[in-house]
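Order of appearance sets the numbers: ligands from 1, and atoms from 1 within every ligand. When reading the values below, keep in mind they use all heavy atoms of this one structure, side chains included, and skip hydrogens, waters and symmetry mates.
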Amino acid sequence: MSRRNMDAAPPDLPNGPLPAYRAMLADGRLASDPAQRMAAERLQDLWTKLRGYDPPPMPAPTNSLLARFLRRKPVEGADEARPHGLYLVGEVGRGKSMLMDLFFAAAQVRRKKRIHFHRFMQDAHAGFHRWKRENPDGDDPIPPLADAIAAEAALLCFDEFQVNDIADAMILGRLFQALFERGVVVVATSNIVPDNLFAGQPGRDAFLPFIALIKQRLDVLVLEGVRDYRRQRLRSLSTWHVPADRRAERALDEAFADLIGNAPPREERLVVMGRKLSVPLAAEGVARFDFSALCGTPLGAGDYLALATHFHALVLDAIPRLSPANYDEARRFITLIDALYDHRVKLVASAAAMPDQLYERGEGAKAFERTASRLEEMQSQEYLELPHLT
Ligand SMILES: Nc1ncnc2c1ncn2[C@@H]1O[C@H](COP(=O)(O)OP(=O)(O)OP(=O)(O)O)[C@@H](O)[C@H]1O
Ligand SMILES: [Mg+2]
């Protein structure tokens, strides 16, 4: 696969997210959307406030009461004056991540970090355990952990903020309080308004102060757009390209670039039953593979299932003709398609033939019939509009 199109950076970043957003409207990359424009304006405000933002690092931690007193006081005063972060919330496909990524790319903040919220929490728990191992007599891992996070990022952008796990809920309040005290500004995208975070879960009462804190430190901005751009993009995608030649490769490059928007694609690693599964290129819930890497190596149902739950779309290059001669590949491909289909993952592929011509006659042809029929269905408008099942 080639990397053409994949580094098409949004224009005009030096002036902030709003001019960049406008430039993308002007060159037709984005459709105009009043809710998005409003959000882009709010992000622009924050961008301006944060130019050169570089809160001083905390003094070294110490246990003396006086030092604690001295350490807390000026920081608390400064806390109020700090710019509020933003909590972008809305239905799926409204452009929240796209806008946040523009903001993040433009932000003129030396220490900044954009991370999927789920990943952030995994890292936080790992940090806790490490600290406890190294400090068996220590009583509170939150301050050192917050120091480490704040040293790395004065601006933290979280994609897909959500709380499902009691272990996360238990530490979030104190961790975020400590981060805010250290001057960290948070921007987040989410499908859930703060008041509904962790709703209906045991232990919710203890979680309420965290919600209050989020509402105090972040402005909540509801992206009320009516269009699901992701679905719209999928609907206009052509999903099966025959033959798998250079032209098809370019079409797949374009489909991939279109699906991931501005996000930079990179290698991702999934952990499947303790093993690492490498995804050569991925961003925004979309993975790209060559057929040979995905079905020509000894992967199994567990790997395909992990891909199908983790990614909402797969761009798959160069599916060859299948036959009894390459039955291992064919068998894996059948398993892969079953997993994708069950989870309503959208597939864009280039192949040597149309699905019903893909498997040459002979042993195994019968087993492939179901796969061919699924592949046909996966190209239909109805299928492309189904939500991904995770
Ligand atoms: N105004 C627009 N015109 C055209 N495409 C757009 C527009 N806004 C967003 N998109 C595209 O629609 C897709 C979905 O956008 P995005 O991923 O930002 O949605 P989201 O709100 O973060 O969704 P989710 O809640 O599922 O994470 C992306 O490919 C994005 O580039
Ligand atoms: Mg998103």
Side-chain angles (χ1 to χ4, degrees), residues 5-11 17-43 86-106 114-120 157-164 187-194 196-197 220-237 239 252-265 281-288 309-315 343-346 348 384-390:
N5 260 350
M6 267 158 217
D7 48 7
L18 185 60
Y21 175 72
R22 288 207 182 111
M24 290 172 77
L25 285 177
D27 72 12
R29 273 199 262 174
L30 296 177
S32 115
D33 181 318
Q36 286 187 351
R37 199 194 53 232
M38 231 172 68
E41 283 166 3
R42 295 289 292 277
L43 287 163
L86 265 183
Y87 188 100
L88 275 178
V89 60
E91 302 285 314
V92 299
R94 295 315 193 255
K96 300 178 296 292
S97 300
M98 182 272 296
L99 287 166
M100 187 178 77
D101 288 343
L102 275 183
F103 166 82
F104 178 77
R114 187 244 196 236
I115 185 167
H116 196 278
F117 189 66
H118 187 59
R119 175 73 196 279
F120 173 79
C157 290
F158 293 120
D159 199 27
E160 299 188 11
F161 195 95
Q162 55 179 311
V163 185
N164 303 315
V187 175
T189 79
S190 181
N191 300 124
I192 301 162
V193 293
N196 289 344
L197 286 169
V220 179
L221 186 61
V222 184
L223 208 63
E224 306 247 26
V226 286
R227 269 188 278 172
D228 178 342
Y229 290 104
R230 184 175 298 122
R231 262 188 219 189
Q232 203 163 305
R233 290 201 163 189
L234 283 167
R235 218 176 286 147
S236 60
L237 268 186
T239 50
L252 262 54
D253 286 348
E254 268 159 33
F256 186 59
D258 219 26
L259 286 167
I260 65 175
N262 306 316
L281 221 46
E284 293 296 300
V286 183
R288 185 158 187 188
T309 49
H310 193 81
F311 294 102
H312 68 80
L314 170 68
V315 177
H343 291 272
R344 314 280 188 260
V345 177
K346 313 306 177 295
V348 181
L384 292 174
E385 294 197 16
L386 294 172
H388 178 214
L389 293 182
T390 53

Short list, please: which atoms of ligand 1 are under 4.0 Å from a heavy atom of Arg94?
19 (O), 20 (P), 21 (O)
Atoms in ligand 1 with a heavy atom of Gly95 nearer than 4.0 Å
9 (C), 15 (O), 16 (P), 18 (O), 19 (O), 20 (P), 21 (O)
Minimum side-chain heavy-atom gap Leu384-Leu237 below 4.5 Å:
no
For Met100 and Leu43: C-alpha separation, side-chain torsions, deciding distance, then whether side-chain contact (heavy atoms from CB on, under 4.5 Å) applies.
CA-CA 8 Å; Met100 187 178 77; Leu43 287 163; 5.7 Å; no
Residue and atom, protein N/O/S, under 2.8 Å of the Mg ion (ligand 2)
Ser97 OG
Taking the side chain as every heavy atom from C-beta outward, state whether Leu314 and Val348 have any pair of such atoms under 4.5 Å apart.
no
Closer than 4.0 Å to some heavy atom of Asp258 - which atoms of ligand 1 meet that?
29 (O)
Tell me: protein heavy atom nearest atom 3 (N) of ligand 1, and distance?
Ala31 N, 2.8 Å
Just so I know, are the side chains of Phe161 and Leu197 near enough to count as touching, which here means a heavy-atom distance under 4.5 Å?
yes
Can you list everything that forms a side-chain hydrogen bond (donor to acceptor under 3.5 Å, both in side chains) with Arg114? Sequence neighbours excluded, please.
Asp101, Asp159, Glu284
Using a 6.0 Å cut-off, check whether atom CD of Glu91 has over 12 heavy atoms from anything other than its own residue.
no
Kindly confirm or rule out an N or O of Met98 lying under 3.5 angstrom from an N or O of ligand 1.
yes
Heavy-atom neighbours of His388 NE2 exceed 12 at 6.0 Å
yes
Is the backbone of Asp27 close enough, under 3.5 Å, to the side chain of Arg29 for a donor and an acceptor to pair up by distance?
no
Sequence neighbours excluded, which residues qualify as side-chain hydrogen bond (donor to acceptor under 3.5 Å, both in side chains) partners of His310?
Glu268
Ranked by distance from atom 5 (N) of ligand 1, the top protein heavy atom is Arg233 NH2, 2.9 Å
Identify, for atom 21 (O) of ligand 1, the protein heavy atom at the shortest distance, and state residue, atom and that distance.
Lys96 NZ, 2.7 Å
Test item: His343 side-chain N/O and Leu389 main-chain N/O as donor-acceptor pair under 3.5 Å:
yes
Between ligand 1 and Gly93, is the shortest N or O to N or O distance under 3.5 Å?
yes
Which heavy atom of the protein is the closest neighbour of atom 10 (N) of ligand 1, given with residue, atom name and distance?
Tyr229 CB, 3.4 Å
I'd like to know whether Asp33 forms a side-chain contact (heavy atoms from CB on, under 4.5 Å) with Tyr229, so could you lay out the CA-CA distance, the side-chain angles of the two residues, the decisive distance to 0.1 Å, and finally the verdict.
CA-CA 11 Å; Asp33 181 318; Tyr229 290 104; 2.7 Å; yes
Taking only Lys NZ, Arg NE, NH1 and NH2, and the carboxylate oxygens of Asp or Glu, determine whether Asp253 and Arg288 approach each other closer than 4.0 Å.
yes
Backbone or side-chain N or O of Tyr21 under 3.5 Å from ligand 1 N or O:
no
Interfacing atoms of ligand 1 (cut-off 4.0 Å, heavy-atom, Asn191)
25 (O)
Given 3.5 Å as the limit, does a donor-acceptor pair link the side chain of Lys346 with the main chain of Val286, or not?
no
Polar-atom distance check: Arg29 versus ligand 1, any N or O pair below 3.5 Å?
no
Look at atom 29 (O) of ligand 1 and find which of Leu259, Leu25, Asp101 reaches it with the closest heavy atom.
Leu259
Short N/O distance, under 3.5 Å, between Leu30 and ligand 1?
no
Check: Val89 and Leu223 side chains under 4.5 Å, non-hydrogen atoms:
no
The protein heavy atom nearest to atom 26 (O) of ligand 1 is Arg230 NH1, 2.9 Å
Measure the distances from the heavy atoms of Glu160 to every atom of ligand 1 and state whether one is below 4.0 angstrom.
yes
Can you pull out the closest protein heavy atom to atom 8 (N) of ligand 1? Residue, atom name and distance to 0.1 Å, please.
Gln36 NE2, 2.9 Å
Which of these passes side-chain contact (heavy atoms from CB on, under 4.5 Å) with Val187: Phe104, Phe103, Phe158?
Phe103
Could you tell me which atoms of ligand 1, counted from 1 in the order shown, lie closer than 4.0 angstrom to a heavy atom of Gly261?
31 (O)
Answer yes or no: does an N/O atom from Asp33 fall short of 3.5 Å to an N/O atom of ligand 1?
no
Residues that His116 engages under side-chain hydrogen bond (donor to acceptor under 3.5 Å, both in side chains), provided they are two or more places apart:
Glu160
Any idea which atoms of ligand 1 are less than 4.0 Å away from a heavy-atom of Glu284?
17 (O)
